[in-house]
Amino acid sequence: MPSLNNLVAPTASITRRHREARNGHRGVAILLTGLPASGKSTLAQGLQAALFEQGRQTLVLDGDTLRGGLNRDLGFSDKDRLENIRRASELAALLVDNGQIVILAMIAPLTDLRAVFAERLGDDYREVWCSASLAVCESRDPKGHYARARNGELPGFTGIGSPYEPPPLASLVLDTGVLSVQQGVERLLAWLVPELDSGYSSSQEPTMESPVHSLPSLFKQLGLPDDPVSINQFVTAHSPLKPDLKLAEAFFWTDSQKAFLREEILDDADWTEVVDELNLMLRDGRGV
Ligand SMILES: Nc1ncnc2c1ncn2[C@@H]1O[C@H](COP(=O)(O)OS(=O)(=O)O)[C@@H](OP(=O)(O)O)[C@H]1O
Ligand SMILES: Nc1ncnc2c1ncn2[C@@H]1O[C@H](COP(=O)(O)OP(=O)(O)O)[C@@H](O)[C@H]1O
């Protein structure tokens, strides 16, 4: 293994701030934790679909899927579960740094295991407890695991042969034994969306030297719809711009929009960075 002292990370030319500005939302990792069959995977897929529909950048890291590839060398001993979570937390951190909303559907049964996520992801970490009881989960048993565990075929199965410690500090508790799937997804969205829209990573706070405006805020400033789907539609409808045509001279702007863009481009003012970004998107037809 190489010495950590000899590793030098490259400087990123495209930073998290750039990606979040383009996405119009922050990157964040949400752990859905709970007993087997408590609804983690179902809610993760439902939440992902709803966020995707809203034009957001999101993906699911599911314990079962990770264990089929990246973590296929790992079992369910304490040591292996810790390594499972460590790798998932590293992967999630990379993806959050890429501006993604990472939805982790993993049992992560112990407080100490969830602390690995909290420590690695810091302010970018949120915990949701899918709190369906053991009795409810066992009665559902969609994979037949509980029945096998009761027969002694799955020693150390969480909830039967090994413990699940409820998370006392979860940001959100969903009683997945009572709620419908749709109600669960609605509650997740109602809780999460304001957080996504309420500013970006604290480690990337804008400074006086480099004020940051997002693409949505530019669209709002221009009097245009500012949700991700509308921004995509606008870029698709108006690109590619001819190489010799200046952005502010394009036919689709009103006079006041042109005046605003000219001023911002000439003044090298607050909006320059995001105006540049829109310019590039319109040249190559790339949406958000
Ligand atoms: N012994 C034992 N204990 C718990 N779970 C088991 C076990 N053996 C196999 N499985 C299957 O693995 C899925 C859980 O993987 P995770 O990576 O989320 O587990 S952990 O966070 O490392 O505890 C889990 O998926 P879910 O039912 O979706 O939770 C099971 O399908
Ligand atoms: N409120 C709910 N949230 C999530 N799943 C629910 C809910 N109510 C019933 N279910 C059902 O419970 C089962 C949960 O399975 P799954 O999502 O694979 O759980 P886990 O990933 O926690 O093992 C699914 O069959 C799902 O349809």
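Remember, it's 1-based here, ligands and their atoms both numbered in the order they're listed. What you see is a predicted model, and the numbers here were worked out from it, not measured in a lab.
Among protein heavy atoms, atom 21 (O) of ligand 1 sits closest to Ala108 N, 2.9 Å. At the shortest separation from atom 23 (O) of ligand 2 among protein heavy atoms lies Ala37 N, 2.7 Å. Here the heavy atom of the protein found nearest to atom 23 (O) of ligand 1 is Arg81 NH1, 2.8 Å. Ranking the protein heavy atoms by distance from atom 19 (O) of ligand 2 puts Gly39 N, 3.1 Å first. Ranking the protein heavy atoms by distance from atom 6 (C) of ligand 2 puts Val181 CG2, 3.6 Å first. Scanning the protein for heavy atoms near atom 4 (C) of ligand 1, the closest one is Thr158 OG1, 3.3 Å. Protein heavy atom nearest atom 28 (O) of ligand 1, with residue, atom name and distance: Lys143 NZ, 2.9 Å. Nearest protein heavy-atom contact of atom 15 (O) of ligand 1 is Arg67 NE, 3.3 Å. When only non-hydrogen protein atoms are considered, atom 16 (P) of ligand 2 lies nearest to Thr42 OG1, 3.6 Å. Here the heavy atom of the protein found nearest to atom 12 (O) of ligand 2 is Arg140 CD, 3.2 Å. Closest protein heavy atom to atom 29 (O) of ligand 1: Lys40 NZ, 2.9 Å. The single protein non-hydrogen atom nearest to atom 18 (O) of ligand 1 is Ile107 N, 2.9 Å, given as residue, atom name and distance. Residue, atom and distance of the protein heavy atom nearest to atom 13 (C) of ligand 1 are Asp64 OD1, 3.4 Å.
Close contacts between ligand 1 and Met106 involve ligand atoms 17 (O), 18 (O) [criterion: under 4.0 Å to a heavy atom]. Within ligand 1, the atoms closer than 4.0 Å to a non-hydrogen atom of Gly156 are 1 (N), 2 (C), 3 (N), numbered from 1 in the order shown. Each of the atoms 27 (O), 29 (O) of ligand 1 lies under 4.0 Å from some heavy atom of Pro36. Of all atoms in ligand 2, listed by their number and element, those nearer than 4.0 Å to a heavy atom of Pro142 are 15 (O). Listed by atom number, the atoms of ligand 1 under 4.0 Å from Ile85 heavy atoms are 21 (O). Of all the atoms in ligand 2, the ones that sit under 4.0 Å from a non-hydrogen atom of Leu179 are 1 (N), 2 (C), 8 (N). Every atom of ligand 1 is numbered from 1 in the order shown, and the set under 4.0 Å from a heavy atom of Pro109 is 23 (O).
Counting heavy atoms under 4.0 Å from ligand 2, residue Ser180 touches it through the backbone alone. Contact annotation: for Leu35 versus ligand 2, heavy atoms closer than 4.0 Å belong to the backbone alone. Heavy atoms from both the backbone and the side chain of Phe157 come within less than 4.0 Å of ligand 1. For Asp62, no heavy-atom contact with ligand 1 is shorter than 4.0 Å.
Put simply, the residue from Ile103, Val102, Leu196, Ile30 that forms a side chain to side chain contact (heavy atoms under 4.5 Å, CB included) with Thr58 is Ile103. For the side chain to side chain contact (heavy atoms under 4.5 Å, CB included) with Ile160, the lone residue among Glu138, Arg148, His145 that qualifies is Glu138.
For Arg86 and Asp80, the salt-bridge test fails: no basic side-chain N is under 4.0 Å from an acidic carboxylate O. A salt bridge does not link Asp112 to Arg81: none of the charged side-chain nitrogens sits closer than 4.0 Å to a carboxylate oxygen. The residues Glu83 and Lys79 are annotated as not salt-bridged, no charged nitrogen and carboxylate oxygen being separated by less than 4.0 angstrom. A salt bridge is absent between Asp227 and Arg56: the closest approach of a Lys/Arg side-chain nitrogen to an acidic carboxylate oxygen does not fall below 4.0 angstrom. Using a cut-off of 4.0 Å between Lys/Arg side-chain N and Asp/Glu carboxylate O, Lys258 and Glu249 are scored as not salt-bridged.
Val173 and Ile107 fall within a single hydrophobic cluster, where Ile, Leu, Val, Met, Phe, Trp and Tyr side chains are chained together by heavy-atom contacts under 4.5 Å. Both Leu32 and Leu47 belong to a common hydrophobic cluster when Ile, Leu, Val, Met, Phe, Trp and Tyr are linked at side-chain heavy-atom distances under 4.5 angstrom.
One side chain, Gln48 or Gln45, offers a donor N or O that lies under 3.5 Å from an acceptor on the other. Side-chain polar atoms of Asn23 and Arg19 form no donor-acceptor pair below 3.5 angstrom. Counted by atom type alone, Thr33 and Tyr164 present one or more donor-acceptor pairs between their side chains at under 3.5 Å.
With distances taken over non-hydrogen atoms, the option nearest atom 22 (O) of ligand 2 out of Gln183, Lys40, Arg187 is Lys40. Nearest residue to atom 22 (O) of ligand 1 from Leu66, Thr65, Thr33, Asn84 is Asn84 (criterion: closest heavy atom).
Under the 4.5 Å side-chain criterion, counting only non-hydrogen atoms from C-beta, Trp129 is in contact with Pro166.
Distances shorter than 4.0 angstrom do not occur between any heavy atom of Asn71 and any atom of ligand 1.
Any N or O atom pair closer than 3.5 Å counts here, and Phe76 shares no such pair with ligand 1. In terms of polar-atom proximity, defined here as any N/O pair under 3.5 Å, Ser41 does make such a contact with ligand 2.
Aromatic pair Trp253/Phe234: ring centres closer than 6.0 Å.
Here the CD1-CZ distance, from Ile101 to Arg126, works out to 11.5 Å after rounding to the nearest 0.5 Å.
Counting heavy atoms of neighbouring residues, nucleotides and ligands inside a 6.0 Å radius, atom CG of Asp276 exceeds 12 of them.
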Worksheet item: After noting the C-alpha distance and the side-chain angles of Lys40 and Asp64, does the key distance pass the salt bridge (charged side-chain N to carboxylate O under 4.0 Å, His left out) rule?
Response: CA-CA 11 Å; Lys40 304 178 297 294; Asp64 271 322; over 6 Å; no
